[in-house]
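Shown next, in structure tokens, is the structure this report addresses.
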2 protein chains.
Amino acid sequence: MASPRSPRRPTQADVARLAEVSPSVVSAVVNGRHDGAVRASEQTVQRVWEAVRRLGYSPNLAARSLAGGRNNIVGVFTYEAVFPTDRLSFFHDSLIGIEEAAEELDCHLLLFTGSRGRGQDGGRRRRSIYKDGVNTLQVTDGAVLLGQDEDREELAALVGSGFPFVYIGRRELGSGEMSYVTADYASATRGMVDRIADLGHRRLALLRSAIASEAVLEREAGYFEACRAHAGIESGAVHLVDPDAVATDLLTTLVDQGVTCVVTDDSNHAASVRSGATRLGLRVPEDLSVVALGDFAGSRPDDPTITSLLTPRQEMGGQAVRLLADLLARPQDTAPRRATATCGVRTGQTLQAPPARRPR
Amino acid sequence: MASPRSPRRPTQADVARLAEVSPSVVSAVVNGRHDGAVRASEQTVQRVWEAVRRLGYSPNLAARSLAGGRNNIVGVFTYEAVFPTDRLSFFHDSLIGIEEAAEELDCHLLLFTGSRGRGQDGGRRRRSIYKDGVNTLQVTDGAVLLGQDEDREELAALVGSGFPFVYIGRRELGSGEMSYVTADYASATRGMVDRIADLGHRRLALLRSAIASEAVLEREAGYFEACRAHAGIESGAVHLVDPDAVATDLLTTLVDQGVTCVVTDDSNHAASVRSGATRLGLRVPEDLSVVALGDFAGSRPDDPTITSLLTPRQEMGGQAVRLLADLLARPQDTAPRRATATCGVRTGQTLQAPPARRPR
DNA sequence: GACCTTTGATGATGCGCAATATCAAGGAAC
DNA sequence: GTTCCTTGATATTGCGCATCATCAAAGGTC
């Protein structure tokens with residue numbers, strides 16, 4: 001059976017012809033606006049829908065957005081491949097939240113793929129929002145952006161263009177404010193420090209990789225604030241280290257100084273510290289506790305045995321879409337939208353009360 | 001600093017005005033087509049680009065695709081949520097392949113979310129392609145479909161409408177042929193049986209759940225064919241069983257009959273069989289080998305210790321997009337497109353040579 | 001010098017749709 | 001019975017762009 005290959009997709013005009021009404025009515029009906037400027041009786045509405053079904057009409061996205069209307073499509077732009085081959089999908093949790101919220105708002109999701117074939121150095125290429133100087137996101141009503149490896153200049157340009165978007169993760173640009181969702185890292189960090197202090201730890205150390213994002217800095221601030229708030233808790237300056245190569249000599253020094261709990265940026269780093277400690281003959285957590293302030297998995301899978309704060313990615317994804325919806329609903333309000341999700345805590349197996357006496 | 005909220009984005013007309021050329025020339029130049037029907041001298045080209053830069057012009061994609069026809073968007077429709085909360089993403093591997101291929105074709109992906117708020121029985125609701133009788137996929141150039149829980153009637157309607165789409169997974173409809181990608185289950189199964197036979201097994205048993213998809217039936221056919229091909233290999237009829245509740249009495253019977261290798265539909269089922277065998281005091285694989293013909297994870301994570309065929313999901317995803325591209329490139333050829341990807345084999349730890357003597 | 005070809009441009013048209021302005025008819029108010 | 005409002009529609013415009021038909025002028029050929 002040869003399919004009745006229609007040479008052309010049916011348009012509103014076709015529907016109008018079949019239903020014997022004017023195109024305006026069709027437009028109004030299919031958009032549910034048939035009691036505003038353009039009105040239609042219940043009978044007419046039914047006739048229109050009937051014709052729509054008969055012809056298999058569906059709106060042309062491009063035309064709809066060209067004419068100024070919405071297209072109910074939310075863009076999702078990631079600076080890395082959304083579905084990476086080489087590692088656990090970093091975006092998966094966020095996408096769960098995004099999809100859920102989008103479904104609630106009755107929107108579909110447009111996932112932007114990278115522009116291929118530029119710079120073939122083999123490494124993971126960063127994607128770009130602009131292609132030939134053109135904002136590719138424009139086909140959507142607005143977009144949610146994710147990714148660690150963002151291009152700040154591009155973001156600044158995007159803010160300047162007035163295109164509605166929300167970043168998942170706090171991003172502060174030098175010029176121009178943007179909308180984002182973040183997590184309450186500072187207070188969650190304070191909570192974690194409280195917990196550490198309650199267990200009896202008195203000397204902590206913060207190890208951080210040299211590259212710092214807003215989130216990292218926020219956690220660091222929360223950390224020091226909490227340390228100050230706790231009488232008796234001491235923490236020296238932050239130690240900038242290579243998270244992959246554990247500096248065992250640094251560890252030795254710290255332990256000698258009476259540090260009983262090491263706090264790191266992320267769980268991978270914490271895992272490295274644990275191995276380093278083990279190599280030094282220290283048991284974790286009996287002799288030394290190790291705690292991570294972030295669960296970012298980097299290129300390796302996140303280790304669930306590490307006691308760590310958990311970024312509420314799913315919630316952040318949902319919030320981002322909802323902020324975007326607000327942005328679209330009230331475009332005249334140009335103020336950047338902000339939302340904060342609540343961090344979780346993974347108990348893990350790397351934090352307990354400090355040893356009665358200093359080890360060694 | 002208030003963003004320079006431009007009331008209107010510059011258009012080609014603005015550029016044309018500034019460059020003192022006609023809009024046609026601008027269009028031609030920015031698209032690099034200025035030596036076809038519309039021509040422009042090198043000088044003019046420079047003037048146009050200069051004006052483009054000065055104004056910060058960027059083309060409106062909606063208008064572009066409206067005027068052009070295609071929109072370079074491939075739909076991705078899944079009958080279940082793309083990013084499920086409650087289980088490992090079944091779709092993740094397929095999506096990797098889809099994204100890769102889409103990137104190669106310079107297409108973006110439109111992920112359809114479900115239509116919310118119909119039937120709130122709490123359970124996972126199947127999504128629908130048609131909403132109010134309208135094919136929602138039509139906003140894209142064509143679509144890739146996935147999912148176990150498909151609606152055959154809908155698919156038949158979709159085929160009838162002539163909308164270009166490709167299913168990931170073999171689907172045979174009673175009426176009308178559709179395009180799909182599948183895996184070489186039959187030959188992969190034969191390969192697996194060869195392997196089993198080469199190890200010395202002589203009596204096998206096939207356990208299958210009652211619900212059978214095309215893939216399952218194809219593997220079953222391949223299985224029996226391979227059994228026939230091997231002189232000395234015996235396999236009784238297929239045993240329809242509940243994959244979750246292991247029938248230990250059936251296992252006992254089989255082993256008593258001299259079966260040394262049980263073949264199942266999928267790895268979960270195989271895992272159940274293994275536990276059942278263990279409960280009977282049989283060691284796997286020393287006393288009894290267990291092999292799965294599929295790695296479908298169902299609601300539980302796939303067990304990597306099970307010796308199993310591996311569905312090449314990533315490759316299938318990529319193939320699907322490429323088939324779709326062909327469908328779009330040659331629409332006059334209405335024949336359904338088909339592709340077959342090569343199954344992998346996971347060695348696992350549940351298959352070895354049969355015991356020298358029958359156990360027990 | 002008559003004819004053709006190439007170069008360099010212009011203008012008109014329409015893609016499918018939303019929004020606005022307009023209009024006809026029927027009823028209620030006074 | 002004139003005015004006014006409501007209901008139910010239609011006609012028109014233009015979003016920004018690509019494409020096509022057209023055209024003027026310059027250069028080349030015999």
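Just so we're on the same page: letters track the sequence lines, and every chain starts at 1.
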For residues 164-171 of chain B, tabulate all N or O donor-acceptor pairs below 3.5 Å that involve a side-chain atom, not counting sequence neighbours.
residue: B:Tyr167; atom: OH; partner: B:Gly147; partner atom: O; Å: 2.8
residue: B:Arg170; atom: NE; partner: B:Glu172; partner atom: OE2; Å: 3.1
residue: B:Arg170; atom: NH1; partner: B:Glu218; partner atom: OE1; Å: 2.6
residue: B:Arg171; atom: NE; partner: B:Glu150; partner atom: OE1; Å: 3.3
residue: B:Arg171; atom: NE; partner: B:Glu150; partner atom: OE2; Å: 2.9
residue: B:Arg171; atom: NH2; partner: B:Gly147; partner atom: O; Å: 2.9

Do the charged groups of A:Glu42 and A:Arg47 touch, with an N to O distance under 4.0 Å?
no

Do A:Arg330 and A:Asp326 meet the salt-bridge criterion of a basic N to acidic O distance under 4.0 Å?
yes

Grab the two heavy atoms, one from B:Ala51 and one from B:Ala19, that are nearest each other, plus how far apart they are.
CB-CB, 3.9 Å

Outer limits of DNA chain D sitting under 4.0 Å from a non-hydrogen atom of chain B, read 5' to 3', are D:dG16 to D:dC20

Closest to the side chain of B:Ala67, out of C:dG16, C:dG14, C:dA18, is C:dG14

note: A:His34, atom NE2; C:dC17, atom C1'; distance rounded to Å ~ 18 Å

Would you name the heavy atoms of B:Ala62 and A:Ser65 that are closest together and state the gap between them?
CB-OG, 3.3 Å

Quantified as the angle between the terminal helix axes (five pairs each), what is the overall bend of the helix from C:dG1-D:dC30 to C:dC30-D:dG1 to 10 degrees?
50°

Just N and O in the side chain of B:Gln43: are any of them under 4.0 Å from OP1 or OP2 of C:dG8?
no

At their closest point, which heavy atom of B:Arg17 faces which heavy atom of B:Asp14, and how far apart are they?
NH2-OD1, 2.6 Å

For B:Asn72, all residues meeting side chain to side chain contact (heavy atoms under 4.5 Å, CB included), sequence neighbours excluded:
B:Arg70, B:Asp141

Counting the atoms with a prime plus P, OP1 and OP2 as sugar-phosphate, which does A:Asp35 contact under 4.0 Å by heavy atoms, base, sugar-phosphate, or nothing?
nothing

Could you pull out the closest heavy-atom pair between B:Tyr57 and B:Val30, with the gap in Å?
CE2-CG1, 4.4 Å

For A:Ala339 against A:Gln319, the heavy-atom pair lying closest together:
CB-OE1, 4.0 Å

Among B:Thr140, B:Ile98, B:Val74, side-chain contact (heavy atoms from CB on, under 4.5 Å) partner for B:Leu324:
B:Val74

Indicate whether OP1 or OP2 belonging to C:dC15 is found under 4.0 Å from a side-chain N or O atom of A:Asn60.
no

Grab the CG-P distance between B:Leu61 and C:dG16 for me, whole Å please.
18 Å

Go through B:Val139 and B:Phe112 one step at a time and tell me if the side-chain contact (heavy atoms from CB on, under 4.5 Å) criterion holds.
CA-CA 11 Å; B:Val139 293; B:Phe112 290 92; 4.0 Å; yes

Specify the residue among B:Glu42 and A:Val30 whose closest nucleotide of DNA chain C lies further upstream toward the 5′ end.
B:Glu42

Which residues in residues 14-25 of chain B have a heavy atom closer than 4.0 Å to any atom of DNA chain D?
B:Ser24

Under 4.0 Å, heavy atoms only, any strand: does A:Ser41 hit a base, just the sugar-phosphate, or nothing?
sugar-phosphate

Rounded to whole angstroms, how far apart are CZ on A:Arg39 and C1' on C:dT20?
16 Å

Contact class for A:Thr11 (heavy atom, under 4.0 Å): base, sugar-phosphate, or nothing?
sugar-phosphate

Between protein and nucleotides 22-28 of chain C, map the contacts as a letter string: B base, S sugar-phosphate only, - none, heavy atoms under 4.0 Å, written 5' to 3'.
-------

Any chance CZ of A:Arg54 has more than 12 other-residue heavy atoms, nucleotides or ligands included, within less than 6.0 Å?
no

Less than 4.0 Å between a side-chain N and a carboxylate O, is that true for B:Glu177 and B:Arg338?
yes

